[in-house]
There are 2 protein chains.
Amino acid sequence: MVSANRHDGPTVNDEPGGTSVQGTGGGGKRRSPLSRTTVLRAALELVDTDGLEALSMRRLGQRLDRDPMALYRYAANRDALLDGLTELLLDQWVIAAAGDADTAWQDQLRRAAHRFRALVLKHPHVVPLLVTRPLSTPLGLRPLGALRPLEQLLAVFTRAGFGPSGALHAYRAYYGFLIGHVINELEEFVVNADEDDAGLRLGLDRLPESDFPHLRSLASQLLDYDGEAELDQGITIVLQGLQAQLESPARAPH
Amino acid sequence: MVSANRHDGPTVNDEPGGTSVQGTGGGGKRRSPLSRTTVLRAALELVDTDGLEALSMRRLGQRLDRDPMALYRYAANRDALLDGLTELLLDQWVIAAAGDADTAWQDQLRRAAHRFRALVLKHPHVVPLLVTRPLSTPLGLRPLGALRPLEQLLAVFTRAGFGPSGALHAYRAYYGFLIGHVINELEEFVVNADEDDAGLRLGLDRLPESDFPHLRSLASQLLDYDGEAELDQGITIVLQGLQAQLESPARAPH
DNA sequence: ACCGTAGAGTCTACAGTGTAGAGCAACGCT
DNA sequence: AGCGTTGCTCTACACTGTAGACTCTACGGT
């Protein structure tokens with residue numbers, strides 16, 4: 001990955017020849033060989049449609065019309081495949097959009113945050129991986145495409161005036177907030193979609209009134225959730241906080 | 001669960017008789033029956049020592065000296081067991097400590113945040129569950145103990161002056177931040193512990209210098225990470241932001 | 001035309017997984 | 001004495017990741 005591509009856009013790509021995949025049917029005898037990218041893309045589709053637990057080597061092999069063991073040519077094992085999925089997603093995250101060169105870093109990061117949210121909402125089943133894989137795979141061993149956003153965000157923060165350590169702190173505050181937000185937004189609530197009453201739709205009637213007064217009274221508020229607004233409101237807080245740290249001489253250059 | 005216990009302390013407990021477990025050895029013929037709590041505690045121990053993927057029904061049964069199928073009396077299936085684990089942890093989170101009644105809500109929440117971090121660092125392997133299970137199990141179906149912190153936080157925020165919707169927003173900002181933070185703190189970095197050079201220890205030499213200049217130069221900063229300080233610094237930003245929202249008449253009561 | 005080699009994929013097999021379904025043994029009641 | 005309930009076990013099935021050995025094809029060099 002990472003060819004001439006400097007600032008934005010996906011860089012995961014390693015087709016052997018052309019992009020011809022020659023029909024998924026069972027007709028052709030000599031199929032064009034797979035590639036890491038096609039495998040990952042198929043895996044992503046599978047996860048998007050059937051959920052994470054549906055992603056097994058066997059099912060993926062079936063989908064690609066190949067023996068399951070063939071996949072091990074493109075991913076050392078299942079964990080590596082999952083790491084590849086996080087790369088496939090993170091590498092699509094555009095942080096520096098066209099014409100961002102001369103806008104304030106706050107605006108750039110706010111827009112990037114909204115793009116992150118949009119990207120992740122297109123692939124909600126991958127979110128667990130985004131959170132989980134980095135807990136297992138050390139930073140230095142992750143696919144390069146998964147590190148590109150980190151590098152770019154560090155660039156943004158240093159150009160904004162943060163020193164090395166400050167940029168790192170800023171990155172963690174920013175990305176941590178984003179992760180926390182999507183976790184919140186994707187949490188499951190509705191248990192009975194065809195119920196009229198808000199409380200029943202959420203299954204809150206199970207909670208004893210005496211122990212959960214606040215929660216039980218929040219049914220309607222839980223149901224009308226505006227993720228975009230909440231993200232925007234939250235990112236404002238974070239960015240203001242970061243700016244304050246940048247201006248206070250105590251922690252700024254560091 | 002949830003007996004007379006009003007504000008703090010764990011509430012998960014459902015022993016049938018006494019707490020006698022009569023030795024784990026293979027001697028006694030008639031063993032005292034299990035309970036959901038003992039099963040969950042054993043599961044937590046297993047996860048703490050051997051990691052999440054080591055938690056299988058068979059291994060857990062072995063540890064409790066029972067047939068794997070016996071566990072299904074205490075958890076409908078593996079997912080329910082995992083939900084139980086998140087309950088076991090969240091229910092230990094003390095939000096209102098003794099003598100918190102008359103301290104400012106900001107201080108209370110700051111201390112609760114540090115307690116959350118400490119709790120979670122004692123059981124790092126459970127963090128994926130904390131993040132992942134709520135994406136599958138709707139709020140209304142979770143074990144009650146897992147909802148207690150939510151209820152208590154809502155209480156804190158309403159007492160602080162937030163309206164229903166405002167309290168919910170505040171909770172999400174607060175908890176989202178906490179989750180984001182521990183994810184950051186528990187991320188894996190070191191790949192070669194016995195290396196001298198910081199860059200080598202992190203395996204950053206694998207990254208092409210031209211594509212990852214910032215990241216590669218951050219080796220030493222990545223290595224000396226002070227999670228407690230970072231949490232405290234972050235929570236300050238969040239609490240100030242929430243306070244600002246509380247004071248601005250636009251969004252406060254709502 | 002021949003061989004050698006590398007690449008892509010297959011086949012078989014093994015140890016391990018979650019869990020449905022049936023059944024067993026002991027206890028507390030009436 | 002009989003019954004139901006509780007706590008647990010046994011067996012079996014469909015499925016998982018992956019090690020190891022193997023086959024088949026295409027291509028390059030001589």
Side-chain angles (χ1 to χ4, degrees), chain A residues 14-18 20-24 26-40 42-43 46-47 50-85 129 132-133 136-137, chain B residues 14-22 24 26-40 42-43 46-47 50-85 129 132-133 136-137:
Chain A
D14 58 341
E15 306 289 342
S20 67
V21 190
Q22 157 165 343
T24 31
K29 273 229 166 106
R30 204 95 237 102
R31 297 150 305 177
S32 70
L34 295 178
S35 74
R36 193 176 106 96
T37 324
T38 55
V39 168
L40 290 180
L46 212 166
V47 169
D50 295 353
L52 239 192
E53 68 281 18
L55 176 60
S56 73
M57 301 307 255
R58 281 167 163 94
R59 273 218 263 265
L60 184 53
Q62 200 171 340
R63 194 184 181 87
L64 289 165
D65 197 27
R66 227 54 59 113
D67 185 280
M69 292 309 287
L71 305 176
Y72 286 87
R73 217 162 265 286
Y74 305 99
N77 49 41
R78 186 168 192 268
D79 282 353
L81 185 87
L82 299 181
D83 283 337
L85 272 186
L129 295 183
T132 284
R133 294 311 308 156
S136 301
T137 305
Chain B
D14 57 343
E15 306 291 338
T19 327
S20 68
V21 191
Q22 156 163 344
T24 31
K29 273 227 167 104
R30 203 100 234 98
R31 297 150 303 178
S32 70
L34 294 178
S35 74
R36 193 175 104 98
T37 325
T38 56
V39 169
L40 290 181
L46 213 166
V47 169
D50 295 353
L52 238 192
E53 68 281 17
L55 176 61
S56 73
M57 302 306 255
R58 280 167 163 94
R59 272 217 262 266
L60 185 52
Q62 200 172 339
R63 194 185 182 89
L64 289 165
D65 196 28
R66 230 51 60 112
D67 186 280
M69 292 309 287
L71 305 175
Y72 286 88
R73 211 160 271 283
Y74 307 99
N77 49 40
R78 185 168 193 268
D79 281 354
L81 185 86
L82 299 181
D83 283 337
L85 272 185
L129 295 182
T132 285
R133 294 310 308 156
S136 300
T137 305

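Proteins come first, then strands; the chains are lettered A, B, ... in the order of their sequence lines, and each starts at number 1.
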Exercise. For A:L55 and A:L82, what are the C-alpha separation, side-chain angles and deciding distance, and is it a side-chain contact (heavy atoms from CB on, under 4.5 Å)?
Worked result: CA-CA 10 Å; A:L55 176 60; A:L82 299 181; 3.9 Å; yes

Problem set entry | Sugar-phosphate or base contact per nucleotide [nucleotides 10-19 of chain D; S, B, -; heavy atom under 4.0 Å] | B-B---BBBB

Can you name the side-chain contact (heavy atoms from CB on, under 4.5 Å) partners of [X], sequence neighbours left out?
X     : answer
B:A75 : B:A80, B:L81
A:R59 : A:L46, A:A54, A:S56
A:A70 : A:R66

For this session: Note the angle between the end axes of the helix from C:dA1-D:dT30 to C:dT30-D:dA1, five pairs defining each, rounded to 10 degrees.
Result: 10°

Grab the [atom1]-[atom2] distance between [X] and [N] for me, whole Å please.
X     : N     : atom1 : atom2 : result
A:L64 : C:dG9 : CG    : C1'   : 13 Å
B:L71 : D:dC8 : CG    : C1'   : 11 Å
A:L60 : C:dG9 : CG    : P     : 13 Å

Exercise. Can any side-chain N or O of A:R31 pair as donor or acceptor with the backbone N or O of A:D65 at less than 3.5 Å?
Worked result: yes

For this session: Return no unless some side-chain N or O of B:R66 is found under 4.0 Å from OP1 or OP2 of D:dC8.
Result: yes

Exercise. Does the side chain of B:Y74 get closer than 4.0 angstrom to OP1 or OP2 of D:dC8 through an N or O atom?
Worked result: yes

For this session: Mind checking the CD-CE spacing from B:Q62 to B:M57? Nearest 0.5 Å is all I need.
Result: 14.0 Å

Exercise. Atom CG of B:L34 and atom CG of B:L64: how far apart are they, to the nearest 0.5 Å?
Worked result: 5.5 Å

Exercise. Who are the salt bridge (Lys or Arg N to Asp or Glu O under 4.0 Å) partners of A:R133, not counting sequence neighbours?
Worked result: A:D79, A:D83

